[in-house]
Amino acid sequence: MESNEKKRILSMYQCTGTFTLGNYLGAFKNALRFQEEGYQCAYALADLHAITVRQEPAQLRKYTQDAYAFLLAMGIDLSKTLFFIQSHVPQHAQLAWILNCYTQFGELSRMTQFKDKSAKHADNINAGLFTYPCLMAADILLYQADFVPVGADQKQHVEIARDIAERFNGIYSPTFTVPEPIIPQHGARVMSLQDPTRKMSKSDGNNNGCISVLDDPDTIMRKFKRAITDSEACVRYSDDKPGVKNLMEIYSCITGKSMEEIEGEFAGKGYGDFKPAVAEAVIGELRPIQERFKEILQDKDYLQRCCRENAEKAGSIAQRTVSKAMKKIGFLPMK
Ligand code: ATP
Ligand code: LTN
């Protein structure tokens with residue numbers, strides 16, 4: 001894996017709710033893989049992005065702290081990986097302002113997430129929602145990231161970050177690494193257990209369709225037993241069986257078994273056997289993480305120290321990039 005050694009990966013996660021099994025299988029397991037494959041990884045919680053939608057203060061604090069502790073419990077290794085909270089590193093907001101001035105109104109107007117979110121939150125179409133991609137570009141460019149793993153819905157934002165970087169580099173001279181999105185091949189796109197045509201999403205709240213990574217075993221079992229399937233009662237991987245397909249993908253992602261192996265394992269059995277088996281796999285995967293999560297949360301000093309040390313390290317990397325950009329623009333340096 002020598003060729004990966006110096007390549008930089010950056011990704012961030014919004015802490016607007018408790019993480020779901022979708023976040024875990026679709027994003028976090030890959031984040032750990034990159035860490036083990038020798039990339040230089042930086043991960044962060046995008047709390048500045050979170051406030052583009054109104055947040056309840058105590059909840060935002062709790063979600064942020066829980067999210068940080070959960071990712072540590074899951075195996076983010078701070079001796080290899082930088083892991084911080086966006087609002088602890090003021091250079092993100094600072095570079096975001098600068099990049100605002102190198103981004104066109106027309107470009108931002110074309111972002112599908114802006115169109116979707118402004119339709120969903122029609123009473124609060126704030127300027128931050130509109131300039132969200134500039135902050136995300138700052139997140140990425142500050143760390144000179146080569147690769148940015150994101151879900152397909154964020155690809156457009158990484159592309160605008162590329163355009164902004166190329167534009168700035170073209171006006172002045174090479175300043176920012178031009179990043180590439182990675183849409184992970186490993187890991188499932190987990191669908192709602194109640195409506196398998198829709199993505200499992202933390203903003204849907206803790207309903208029966210959504211498994212939270214902090215759900216207790218009984219809750220996980222109950223939600224899987226109620227999962228929508230079909231009337232065929234046969235564990236078969238097919239696009240016209242979206243409920244079963246989703247459960248098979250979850251099971252495969254955790255056990256490493258192929259779809260054929262899973263079909264073989266449950267041949268002649270019905271959903272009454274299959275659903276609890278999927279639930280048990282998920283419970284077994286999450287249990288040790290939940291135990292570590294509880295331990296970490298009890299040690300507030302440790303948590304605070306990790307957050308602070310990582311924010312300081314991130315800040316010194318970020319400052320180098322901000323200073324470089326400011327010098328090129330022509331800001332008078334403070335001596
Ligand atoms: P929201 O519910 O607020 O839209 P989200 O749950 O989709 O949020 P994000 O914070 O936008 O989560 O995404 C974090 C990462 O988790 C992204 O890389 C995203 O692609 C991934 N992810 C989110 N939901 C799923 C899912 N159901 N299946 C696979 N990956 C997912
Ligand atoms: N917009 C992303 C979260 C995010 C991000 C980033 C992802 C904020 N900054 C930088 C990758 C790189 C989301 O909603 N999932």
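Along the sequence shown, residues are numbered consecutively beginning with 1. Whatever order the structure lists them in is the order used to number ligands and atoms, beginning at 1.
- Listed by number with element, the atoms of ligand 1 under 4.0 Å from a non-hydrogen atom of G151 are 18 (O), 20 (O).
- Looking only at distances, a side-chain donor or acceptor of D47 sits under 3.5 Å from a matching main-chain atom of S87.
- Heavy atoms of T20 stay at 4.0 angstrom or farther from ligand 1.
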Can you list every pair where an N/O of ligand 2 is under 3.5 Å from an N/O on the protein?
unit_1: ligand 2; atom_1: 1 (N); unit_2: Y132; atom_2: OH; d: 2.6
unit_1: ligand 2; atom_1: 1 (N); unit_2: Q154; atom_2: OE1; d: 2.9
unit_1: ligand 2; atom_1: 9 (N); unit_2: D139; atom_2: OD2; d: 2.7
unit_1: ligand 2; atom_1: 14 (O); unit_2: Q14; atom_2: NE2; d: 3.2
unit_1: ligand 2; atom_1: 14 (O); unit_2: Y132; atom_2: OH; d: 3.1
unit_1: ligand 2; atom_1: 14 (O); unit_2: Q154; atom_2: NE2; d: 3.4

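- The ring-ring contact (aromatic ring centres under 6.0 Å, His included) test applied to Y43 returns no partner, not counting sequence neighbours.
- Those atoms of ligand 1 that come under 4.0 Å of a heavy atom in S201, given as number and element, are 1 (P), 2 (O), 4 (O).
- Taking any N or O of V150, backbone or side chain, none lies under 3.5 Å from an N or O belonging to ligand 1.
- N246 places no side-chain N or O within donor-acceptor distance of the main-chain N or O of G243, the cut-off being under 3.5 Å.
- Formation of a donor-acceptor pair under 3.5 Å by the S323 side chain with backbone atoms of Q319 is found in this model.
- Of the N or O atoms in D153, none lie within a sub-3.5 Å distance of an N or O in ligand 1.
- Looking at N100, its side chain does come within 3.5 Å of a backbone N or O of A96 through a donor-acceptor pair.
- A donor-acceptor pair shorter than 3.5 Å cannot be found between the side chains of D195 and S192.
- Listed by chain and residue number, Q194, N208, R222 satisfy the side chain to side chain contact (heavy atoms under 4.5 Å, CB included) test with R226 (two or more places apart in sequence, or in another chain).
- A67 pairs by the side chain to side chain contact (heavy atoms under 4.5 Å, CB included) definition with C15, F19, L45, not counting sequence neighbours.
- Residues Q55 and Y63 bring no donor and acceptor atom of their side chains to less than 3.5 Å of each other.
- Checked against a 3.5 angstrom limit, the closest N/O atoms of M200 and ligand 1 fall inside it.
- Interface atoms of ligand 1 facing A27, defined by a heavy-atom separation under 4.0 Å, are 15 (C), 16 (O), 18 (O), 21 (C).
- Residue V190 has at least one nitrogen or oxygen atom sitting less than 3.5 Å from a nitrogen or oxygen atom of ligand 1, judged on distance alone.
- Across the listed options A46, G22, C253, G22 owns the non-hydrogen atom lying nearest to atom 25 (C) of ligand 1.
- Remark: K327 NZ is loosely packed, at most 12 non-hydrogen atoms of other residues, nucleotides or ligands lying under 6.0 Å away.
- For ligand 1, the polar-atom distance check finds an N/O of N23 within less than 3.5 Å of one of the ligand's N/O atoms.
- Formation of a donor-acceptor pair under 3.5 Å by the K313 side chain with backbone atoms of F84 is not found in this model.
- Residue R189 has no N or O atom closer than 3.5 Å to an N or O atom of ligand 1.
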